[in-house]
Amino acid sequence: MTPITEPTTPRHLRPSVIAANPWLFPIPEIARLANGLEIWAYNLPGQHVIALDLTLDIDLSVEPRQLEGIATMALRTSDEGSHDHPGPRLAEALESAGAAYDGAINHHFTGCSLDAPTTRIQTALDLFREILTTPEHNPADLSRHVSLRLAEIEQERASGPATANRSTRQLMWGREQRRGRPSGGTAETLHRITRDDLAAFHASTWRPDVARVVIAGDHPDLIGLVTEALGDWVRPTTPAVTTAEVPTALPAAGAGVVHLVDRPEAVQVDLRIGGVGLSRRDRDLPALQLAGVAVGGSFLSRLNERLREDLGYTYGIGFSHRPSSSSSRWQVSTSVRTEVAADALAETIPLLDLGSRPLTDREVDDARAQLVTIAPLRYETASAIVGQAAAIATDGLDVDWINRYFARMSATDPDEATAVFSRVVTPQSQQTVMVGPAEALRPALEARGFTVLPHRADD
């Protein structure tokens, strides 16, 4: 029998902790092709699934008002068949290549994404080119996706959280601005879209001179891959539509006013408090993001500690800020029991005022650890790198912006974070929406001193 030997290191001694190596967001190789397509390429050794995002500068305000939703239909039908792979053959070819195609619509751009193994990326890119340049635009596919979108609209109308989000957007931007109307269109506008409308919109807006590709993965010549696949993507002779709506926020009602959407059958109340935020170009954005995490962006934030842990009003409440090149906004979101909704709002509003209780060193340090220290983990995959880089590129920022952003965040102290948050999130700048049974909510809110205004969450 082999004798048991004692370890040479005493058991009571802890292993030494080594300081983490400095980390920086990678810098891409950049190229612009003759057809106007811009490429950001990140060669990431060990990432054997290549990720690609292509963004098109299609602001939804360029949609004809009577055909709103056509940009969404162009995206959703883009992979339903191509000239060389009609109908389901395109999806089957993508699956055979081990590739996944997806897309997303924002009010100021359309995005398409592709993931594929390094060994099959060329085949996947050839199919991606077909999606971009020769989609089939089958009328049956358009009809099906219109029906699916109409079903989404009905689901959104029946959803308290969706109604609250829609109402907040309407109050902030107004129904006359494109930002204040649904990105996917309405039942009235969707029914008007024809196959010819779809083909014409695609031909005029899906073009290389308003597009950029961000690609990342383990490959020595990513730019060469994209050039081979998309270098012959023909730029239309007509100029691109570059005029876009510059959204202007409407005057806010203020913290003392509640816009109440009546849902008599609701079993809980959906609460939103929102306002205009900062763009990615704003020097104070890192400080606002830090403060936002401390106030309501983590499980131990002030909002969650008070509303969930101390009072038991909700399962969770959060503060979020979504920066972009335009129409950035901050928002507090939660769902609470009807009988405590007025009390929950009365507790929430003072927590957004940091004047009497500034952020502490510990709160800011914890927020910084959440945002900065774990960044290497957040960006450890090719798709994560691509997603962040695509957002930077779409907003017209340079390749090193994210490193300067983290450096500013690392240098931000509690006084600066408190000051920036207090400048952006003010009682005068807030729009408050409640969705729930008005008969029960109105008297409770008025008893708390709030002015209650009825609101109808139209499309």
Side-chain angles (χ1 to χ4, degrees), residues 159-169 171-172 252-261 263 266-277 288-323 328-360 362-364 366-367 369-371 417-418 421-422 424-427 429-437 440-441 444-445 448-450 452 455 457:
S159 165
T163 300
N165 291 334
R166 185 168 69 255
S167 299
T168 305
R169 183 182 65 241
L171 290 165
M172 286 185 62
V257 176
V258 178
H259 300 275
L260 183 57
V261 181
R263 291 189 75 219
V267 296
Q268 65 179 9
V269 174
D270 292 287
L271 169 64
R272 300 291 184 272
I273 306 172
V276 178
L288 178 61
Q289 300 292 65
L290 270 180
V293 170
V295 171
S298 68
F299 186 78
L300 297 178
S301 64
R302 290 186 177 184
L303 287 172
N304 215 47
E305 183 178 35
R306 181 61 178 159
L307 274 294
R308 174 191 162 100
E309 299 301 308
D310 293 347
L311 299 173
Y313 286 167
T314 177
Y315 284 115
I317 180 171
F319 177 97
S320 62
H321 176 261
R322 299 176 181 176
S328 301
R329 64 189 180 104
W330 60 266
Q331 182 167 284
V332 174
S333 306
T334 189
S335 298
V336 297
R337 304 191 314 274
T338 301
E339 64 270 20
V340 300
D343 293 337
L345 178 59
E347 290 283 347
T348 298
I349 290 175
L351 292 172
L352 300 177
D353 181 4
L354 302 186
S356 59
R357 187 187 165 197
L359 296 172
T360 65
R362 179 174 180 176
E363 286 176 317
V364 171
D366 287 345
Q370 180 171 325
L371 294 174
T418 297
F421 189 92
S422 298
V424 175
V425 182
T426 67
S429 69
Q430 299 175 19
Q431 297 280 19
T432 301
V433 173
M434 269 193 180
V435 179
L441 290 172
L445 288 166
R448 277 287 199 165
F450 293 104
V452 180
H455 179 76

Taking side chain to side chain contact (heavy atoms under 4.5 Å, CB included) as the test, write out the residues that go with Asp366, two or more places apart. Arg362
Does Met172 form a side chain to side chain contact (heavy atoms under 4.5 Å, CB included) with Val276? I'd like the steps, not just the answer. CA-CA 8 Å; Met172 286 185 62; Val276 178; 4.1 Å; yes
Could you report the tightest heavy-atom contact between Gly316 and Thr334, atom names first, then the distance? O-OG1, 2.9 Å
Look only at the side chain of Thr418 and the backbone of Leu359, and say whether a donor-acceptor pair between them is shorter than 3.5 Å. yes
Atom pair CZ/CG of Arg302 and Leu352 - distance to nearest 0.5 Å: 10.5 Å
Nearest heavy-atom contact between Ala417 and Ala291 is O-CB, 3.6 Å
Just how far is it from atom CE of Met434 to atom CG of Asp270, taken to the nearest 0.5 Å? 10.0 Å
Are a donor atom and an acceptor atom from the side chains of Thr432 and Gln430 found within less than 3.5 Å of each other? no
Atom OG of Ser333 and atom CG of Leu303: how far apart are they, to the nearest 0.5 Å? 10.5 Å
Criterion side chain to side chain contact (heavy atoms under 4.5 Å, CB included) on Val295 and Ser301, from CA distance to verdict: CA-CA 5 Å; Val295 171; Ser301 64; 5.9 Å; no
In Å and rounded to the nearest 0.5 Å, what is the CD to OG1 distance from Gln268 to Thr314? 8.0 Å
Quick one: sort the Phe421 and Phe319 rings into parallel, tilted or perpendicular, breaks at 30° and 60°. tilted
At their closest point, which heavy atom of Gly436 faces which heavy atom of Ala266, and how far apart are they? CA-CB, 4.2 Å
Pairwise distance CG(Leu311) to CD(Glu347) - rounded to 0.5 angstrom: 5.0 Å
Just verifying a value: how many Å separate Ile273 CD1 and Thr348 OG1, rounded to the nearest 0.5 Å? 5.5 Å
Side chain to side chain contact (heavy atoms under 4.5 Å, CB included), that's the test. Do Phe450 and Ile349 meet it? Break it down for me. CA-CA 12 Å; Phe450 293 104; Ile349 290 175; 3.7 Å; yes
Nearest heavy atoms of Pro323 and Gln289, plus distance in Å: CD-NE2, 3.9 Å
Do Arg272 and Asn165 touch side chain to side chain, with heavy atoms closer than 4.5 Å? yes
Those residues that, when tested against Glu339, pass side-chain hydrogen bond (donor to acceptor under 3.5 Å, both in side chains) (two or more places apart): Arg337
Polar side-chain atom of Ser429 near backbone of Val425 as donor-acceptor pair, under 3.5 Å: no
List the steps, then state whether side chain to side chain contact (heavy atoms under 4.5 Å, CB included) holds for Arg169 with Arg166. CA-CA 5 Å; Arg169 183 182 65 241; Arg166 185 168 69 255; 3.3 Å; yes
Restricting to non-hydrogen atoms, name the atom on Val336 and the atom on Val340 that form the minimum distance, rounded to 0.1 Å. CB-CG2, 4.4 Å
Looking at residues at least two apart in the chain, or sitting in another chain, which of them share a side-chain hydrogen bond (donor to acceptor under 3.5 Å, both in side chains) with Ser298? none
Can you confirm whether Val433 sits close enough to His455 that some side-chain heavy atom of one is under 4.5 Å from a side-chain heavy atom of the other? no
When every non-hydrogen atom of Gly297 is compared with those of Gln370, the smallest separation belongs to O-NE2, 3.2 Å
